[in-house]
Visitor: 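Handing you this structure, nothing more for now.
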Amino acid sequence: MTNQIQQTNYDKTKLKPKIIHLGFGAFHRAHQALYTDELARKTDSDWGYCEINLMRGEQVIQQLNAQQLQYCVLEKGAEGNTARIINSVCEAIFSKSVGAAAVLEKMAEPQIAIVSLTVTEKGYCVDPITGKLDLNNPQIQPDLTQPDNPSSAIGYIVRALALRNARPLPPFSVMSCDNVMENGHIAKSAVLGLAKQLDAELADWIAQNVTFPCTMVDRIVPAANEETLQEIAEILGYYDPCAVACEEFKQWVIEDDFVASRPQWELVGAELVEDVRPFEQMKLRMLNGSHSFLAYLGYFGGYQHISDTMQDADYRQAALKLMLKEQVPTLSMPDGIDLSGYADLLIERFTNPSLKHRTWQIAMDGSQKLPPRLLESISLHLKNHTAFPLLALAVAGWMRYVSGIDENQQPIEVRDP
């Protein structure tokens, strides 16, 4: 197997921090930041990131600053690996180190055109039933009483927009890059929900001036562990604690609705569209739905990784049948989309032995993940009086999993709100 290193070929000093990103996690490093780096490689783009971690992730911010805001993404393919050196980050901040006021001033800088987020489903603090901001959420409660010293990502966005409105400065777009159906609409509901509680005039200004484009993001990026970091170190010749490994495949579909300017991500493979929803449903139901199925059932089958489940013909056939027989009938896609081919591609991606994507990791936060991945499809089957045995099995797997005891009567470390 071959290993290649792709160094930066542009002058990093040309980049300006025009995008604030909340949540410098593994997925963002291997996805949005990589696309933006690729754009700087291929064009004269000056778009760069200011990365901000709010509640967790102080160490990775310190490590990133210690290595001149540069890190590696290892793309792992069946034939070989490519280590890509990413330089699209201009600044990196941990909120508790500098204080809320400094973070808000950064978000209020005139050149900031986009605030993007990867904060997981929980970070939007919305009630999963109503889709509206949960005012009793422990992250939101402090933001209602101390809006100048926000706690949640939503609180920071609302306060930053209040500063821009007061100064006055142009608004920014709020772009969710989380794996959530209609993520832009959820972000808008949360932001407006908090703003209305604090200042009705501000809420009106946000509603009229701020856009919340929806996105669909796709790339399998397992959480980096020490084994992965050592593998990357052997390729690079030095240790990079901020490095991540991922598959070769990546996809980004973006609703082209930005109030200010934006990078020309379409020049490096992103799809800018009017309506993201069909692509979101396709990905959430076929990829993520089968991922959850394999995570719970695979965990109980004794499989540590998704690629391990793919070595079992029963799991492999069940995942493909789940996609084609129970998820595809629930989708309404634009002409020309080959859903059978997409299912085959997903099985191939799941099978990649180089990716150690843990079933336990995917099993996290199931109560947040199941509605868009499985339950919406089940609702449609119930309405149409059609069968859904594998979708039901996936839900049963989650119910069994959160009971906290595995098949050998050993405790499961359940992480689920």
Side-chain angles (χ1 to χ4, degrees), residues 1-7 24-35 37-38 60 70-86 118 179 217-252 268-269 283 286-299 301-320 322-323 341-364:
M1 183 173 285
T2 60
N3 293 312
Q4 295 182 334
I5 301 176
Q6 188 182 84
Q7 298 285 355
F24 183 68
F27 185 82
H28 168 71
R29 280 174 253 172
H31 194 274
Q32 303 97 48
L34 183 143
Y35 272 94
D37 178 82
E38 193 171 343
V60 73
Q70 175 180 284
Y71 66 93
C72 174
V73 172
L74 182 66
E75 296 180 332
K76 306 187 78 170
E79 304 300 319
N81 303 327
T82 301
R84 299 177 62 165
I85 307 303
I86 306 300
T118 47
N179 189 29
V217 294
D218 189 5
R219 182 166 236 188
I220 296 173
V221 187
N225 55 28
E226 193 55 35
E227 180 184 350
T228 302
L229 295 178
Q230 288 296 340
E231 179 187 2
I232 295 171
E234 289 176 12
I235 295 169
L236 296 177
Y238 61 88
Y239 186 80
D240 177 358
C242 302
V244 291
C246 61
E247 65 175 335
E248 289 181 315
F249 178 91
K250 65 182 187 296
Q251 186 178 18
W252 196 6
V268 288
K283 189 249 179 174
M286 294 184 69
L287 188 156
N288 300 116
S290 53
H291 240 183
S292 289
F293 174 89
L294 291 168
Y296 298 119
L297 279 300
Y299 186 94
Y303 295 115
Q304 190 173 358
H305 305 108
I306 293 295
S307 57
D308 300 334
T309 70
M310 290 291 97
Q311 303 309 310
D312 185 320
D314 292 328
Y315 280 79
R316 189 183 183 96
Q317 290 166 14
L320 187 61
L322 171 73
M323 288 188 242
Y342 182 61
D344 290 338
L345 174 63
L346 291 178
I347 294 296
E348 183 182 325
R349 290 167 64 191
F350 293 168
T351 305
N352 185 346
S354 300
L355 286 179
K356 301 300 183 184
H357 209 176
R358 295 178 66 192
T359 51
W360 174 80
Q361 181 194 354
I362 297 164
M364 290 180 188

Visitor: Take E226 and Q230 through the side chain to side chain donor-acceptor pair (under 3.5 Å) test and state the conclusion after the steps.
Guide: CA-CA 6 Å; E226 193 55 35; Q230 288 296 340; 3.0 Å; yes
Visitor: Return yes if some donor-acceptor pair links the side-chain N/O of Y299 with the main-chain N/O of A363 below 3.5 Å, else return no.
Guide: no
Visitor: Supply the atom-to-atom distance M310 CE to Y303 OH, rounded to the nearest 0.5 angstrom.
Guide: 10.0 Å
Visitor: Using every non-hydrogen atom in the two residues, find where P222 and A245 come nearest and quote the distance to one decimal.
Guide: CD-O, 3.6 Å
Visitor: If you round to the nearest 0.5 Å, how far is CG of L322 from CE of M286?
Guide: 9.0 Å
Visitor: Would you call the rings of H31 and F27 parallel, tilted or perpendicular, taking 30° and 60° as the class edges?
Guide: parallel
Visitor: Is the shortest distance from a Lys or Arg side-chain nitrogen in E231 or K356 to a carboxylate oxygen in the other one below 4.0 Å?
Guide: no
Visitor: Quick check against the 3.5 Å criterion: does R316 have a side-chain atom that pairs as donor or acceptor with the backbone of D312?
Guide: no
Visitor: Knowing that exactly one of E75, E248, Q251, E247 qualifies, which makes a side chain to side chain donor-acceptor pair (under 3.5 Å) with R219?
Guide: E75
Visitor: Donor-acceptor check, side chain of Q361 to backbone of A223, threshold 3.5 angstrom: yes or no?
Guide: yes
Visitor: If I take atom OG1 from residue T228 and atom CG from residue L74, how far apart are they, to the nearest 0.5 angstrom?
Guide: 8.5 Å
Visitor: Taking the side chain from Y315 and the backbone from L297, do they hold a donor-acceptor pair closer than 3.5 Å?
Guide: yes
Visitor: Go through the steps for V73 and C246 under the test side chain to side chain contact (heavy atoms under 4.5 Å, CB included), then give the verdict.
Guide: CA-CA 7 Å; V73 172; C246 61; 3.7 Å; yes
Visitor: With side chains defined as the heavy atoms from C-beta onward, is the minimum distance between Q32 and T118 less than 4.5 Å?
Guide: yes
Visitor: Are the aromatic ring centres of F350 and H357 under 6.0 angstrom apart?
Guide: no
Visitor: Nearest 0.5 Å, please: how far is CG in L287 from CG in D218?
Guide: 5.0 Å
Visitor: Are the side chain of D240 and the backbone of I232 linked by a donor-acceptor contact shorter than 3.5 Å?
Guide: no
Visitor: Give a yes or no on whether the backbone of I306 and the side-chain of T309 come within a donor-acceptor separation of less than 3.5 Å.
Guide: yes
Visitor: For the CG atom of L34 and the NZ atom of K250, what is their distance to the nearest 0.5 Å?
Guide: 6.0 Å
Visitor: Please round to the nearest 0.5 Å and tell me the distance separating atom CG of L346 and atom CG of L320.
Guide: 9.5 Å
